[in-house]
Amino acid sequence: MSERNKTLVTEFVLIGLTDRPWLQVLLFIVFLMVYLITMVGNLGLVVLIWKDPHLQTPMYLFLGGLAFVDVCTSTSVTPRMLVNFLDKTAMISLAECITQFYFFASSATTECFLPVVMAYDRYVAICNPLLYPVVMSSKLCTQLISVSYAIGFLHPLVHVSLLLRLTFCRSNIIHYFYCEIVQLFKISCNDSSTNALLIFIFAALIQIPTLMTIMISYTRVLFDILKKKSEKGRSKAFSTCSAHLLSVSLYYGTLIFMYVRPASGLAEDQDKMYSLFYTIIIPLLNPFIYSLRNKEVMNALTRVTKK
């Protein structure tokens, strides 16, 4: 195709999870329920922490920050996906596509840093309990949450600025359920190798160090539990740490498989399954993983509902 005869694409069609019409309504109902439960679970946790003074401690403030990020992650992807289930002809503009990617990437980046802060909080609380009130002051908690959010909202600007330099002319069909950036590279009529390389570099620089920091913190915590704690103390600490590690493992595992690997590493359907985990499933599970077995949260819920 000659350069002047190229038709630039400014609107896209998101194919979604499947092209089988008989599955569309069923998937719409399933993901609508998932989205509603995600919103109720995460926003309910945020409100509970805000309303109950007993939960206004560093651990729960960080948890509230994580719950709000999960709301942003799910909202950046799911509503548009629900529309596409019912209306396959619905188009998404280039501006909307980039905006969707930006908000998803912002919340995903923030969610890489908040578990690090939470792991540090648990390390200080369990390994240095006498210093905990001094070290984890309200000012430090606010600063740690603010820095996590600031990095989260600044990091995607690098990729958005490079994405704006690309033009699209090969196709207006995105074989995905949201505007995933690597999928946009595939339909670009420019060389996007630099963009892809920067995605890989930033993903590796963010995900691997944060994951290693979390694992080191919890390893120290577990050794300290085995040495110092009573049977009851061990049980409570193990319960808290295991919940955190379960969430972290699910989130980082799927995210690293998606972005810290060779471009040809997985088939398209496998990519979609991994993406479902960190965009929809993890935000659904997090409030239950962190709160369902937590007596303080359940007691706070009882107090607030009685009021």
Side-chain angles (χ1 to χ4, degrees), residues 41-43 45-46 48-50 54-74 104-156 202-225 236-256 278 282-283 285-291 294 296-297:
N42 285 289
L43 289 176
L45 187 57
V46 171
L48 192 62
I49 292 168
W50 175 53
H54 296 87
L55 296 184
Q56 291 171 11
T57 61
M59 175 182 169
Y60 293 106
L61 292 176
F62 297 142
L63 185 53
L66 182 64
F68 183 73
V69 167
D70 284 332
V71 168
C72 295
T73 301
S74 187
F104 160 71
S106 297
S107 53
T109 305
T110 305
E111 191 152 352
C112 285
F113 286 93
L114 283 175
V116 177
V117 173
M118 295 170 72
Y120 176 68
D121 173 74
R122 291 300 85 203
Y123 167 74
V124 177
I126 293 171
C127 299
N128 297 286
L130 296 178
L131 293 176
Y132 184 76
V134 178
V135 174
M136 298 305 295
S137 63
S138 298
K139 182 179 179 181
L140 180 62
C141 292
T142 304
Q143 289 173 342
L144 291 172
I145 294 172
S146 300
V147 168
S148 299
Y149 273 88
I151 295 172
F153 282 91
L154 289 173
H155 159 243
F202 274 91
L205 289 175
I206 290 172
Q207 293 166 26
I208 293 175
T210 52
L211 178 59
M212 293 303 297
T213 303
I214 292 168
M215 298 307 294
I216 291 169
S217 295
Y218 281 118
T219 300
R220 293 286 302 273
V221 166
L222 291 173
F223 274 117
D224 195 77
I225 290 170
K236 183 178 179 181
F238 267 121
S239 177
T240 301
C241 293
S242 62
H244 292 197
L245 282 173
L246 175 60
S247 176
V248 165
S249 300
L250 288 171
Y251 185 73
Y252 276 93
T254 52
L255 209 58
I256 287 172
Y278 58 76
I282 298 299
L285 294 179
N286 270 348
F288 300 100
I289 289 174
Y290 285 104
S291 308
N294 191 312
E296 291 177 350
V297 172

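None of the values given here were measured: they were computed from a predicted structure. Quick note: numbers below take in every heavy atom, side chains included, and nothing from hydrogens, waters or symmetry partners.
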Check your understanding: Do the side chain of Tyr290 and the main chain of Ser247 share a donor and acceptor less than 3.5 angstrom apart?
Key ->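 The answer is no, because no donor-acceptor pair under 3.5 Å joins these two groups.
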Answer whether the closest heavy-atom distance between the side chains of [X] and [Y] falls below 4.5 Å.
{"X": "Asn286", "Y": "Glu111", "result": "yes"}
{"X": "Cys127", "Y": "Val221", "result": "yes"}
{"X": "Ile225", "Y": "Ile126", "result": "yes"}
{"X": "Val124", "Y": "Tyr120", "result": "yes"}
{"X": "Cys112", "Y": "Leu255", "result": "yes"}
{"X": "Leu211", "Y": "Tyr251", "result": "no"}
{"X": "His54", "Y": "Glu296", "result": "no"}

- request: Take Met59 and Met118, measure what side-chain contact (heavy atoms from CB on, under 4.5 Å) needs, and give me the verdict at the end.
  value: CA-CA 7 Å; Met59 175 182 169; Met118 295 170 72; 6.0 Å; no
For [X], which residues count as a side-chain contact (heavy atoms from CB on, under 4.5 Å) partner, sequence neighbours excluded?
{"X": "Ile151", "result": "Thr109, Phe113, Val147"}
{"X": "Ser107", "result": "Val69, Cys72, Thr73"}
{"X": "Leu144", "result": "Phe62, Val117, Met136, Leu140"}

What distance do [X] atom [atom1] and [Y] atom [atom2] have between them, rounded to the nearest 0.5 Å?
{"X": "Leu205", "Y": "Thr210", "atom1": "CG", "atom2": "OG1", "result": "10.5 Å"}
{"X": "Asp70", "Y": "Tyr278", "atom1": "CG", "atom2": "OH", "result": "14.5 Å"}
{"X": "Thr110", "Y": "Leu154", "atom1": "OG1", "atom2": "CG", "result": "9.5 Å"}
{"X": "Asp121", "Y": "Cys141", "atom1": "CG", "atom2": "SG", "result": "6.5 Å"}
{"X": "Tyr252", "Y": "Met215", "atom1": "OH", "atom2": "CE", "result": "11.0 Å"}
{"X": "Leu66", "Y": "Leu61", "atom1": "CG", "atom2": "CG", "result": "12.5 Å"}

Which heavy atom of [X] sits nearest to which heavy atom of [Y], and what is that distance?
{"X": "Val116", "Y": "Thr213", "result": "CG1-CG2, 3.8 Å"}
{"X": "Pro287", "Y": "Asn42", "result": "CD-OD1, 3.5 Å"}
{"X": "Leu45", "Y": "Val297", "result": "CD1-CG1, 4.3 Å"}
{"X": "Ile214", "Y": "Pro115", "result": "CD1-CB, 3.7 Å"}

Kindly state each residue pair satisfying side chain to side chain donor-acceptor pair (under 3.5 Å) with at least one member in residues 137-154, sequence neighbours excluded.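 Non-adjacent pairs meeting side chain to side chain donor-acceptor pair (under 3.5 Å): zero.
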Report task. Verify the distance criterion only: is there a donor paired with an acceptor across the side chains of Tyr123 and Asp224 at less than 3.5 Å? Result ->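 Per modelled atom types, Tyr123 and Asp224 side chains form no pair under 3.5 Å.
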What pairs with Phe202 under ring-ring contact (aromatic ring centres under 6.0 Å, His included), at least two apart in sequence or on another chain?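 Phe202: ring-ring contact (aromatic ring centres under 6.0 Å, His included) contacts with His155, His159.
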Test of understanding: with ring-ring contact (aromatic ring centres under 6.0 Å, His included), list the residues that count as partners of Tyr60, not counting sequence neighbours.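 Tyr60 satisfies ring-ring contact (aromatic ring centres under 6.0 Å, His included) with no other residue.
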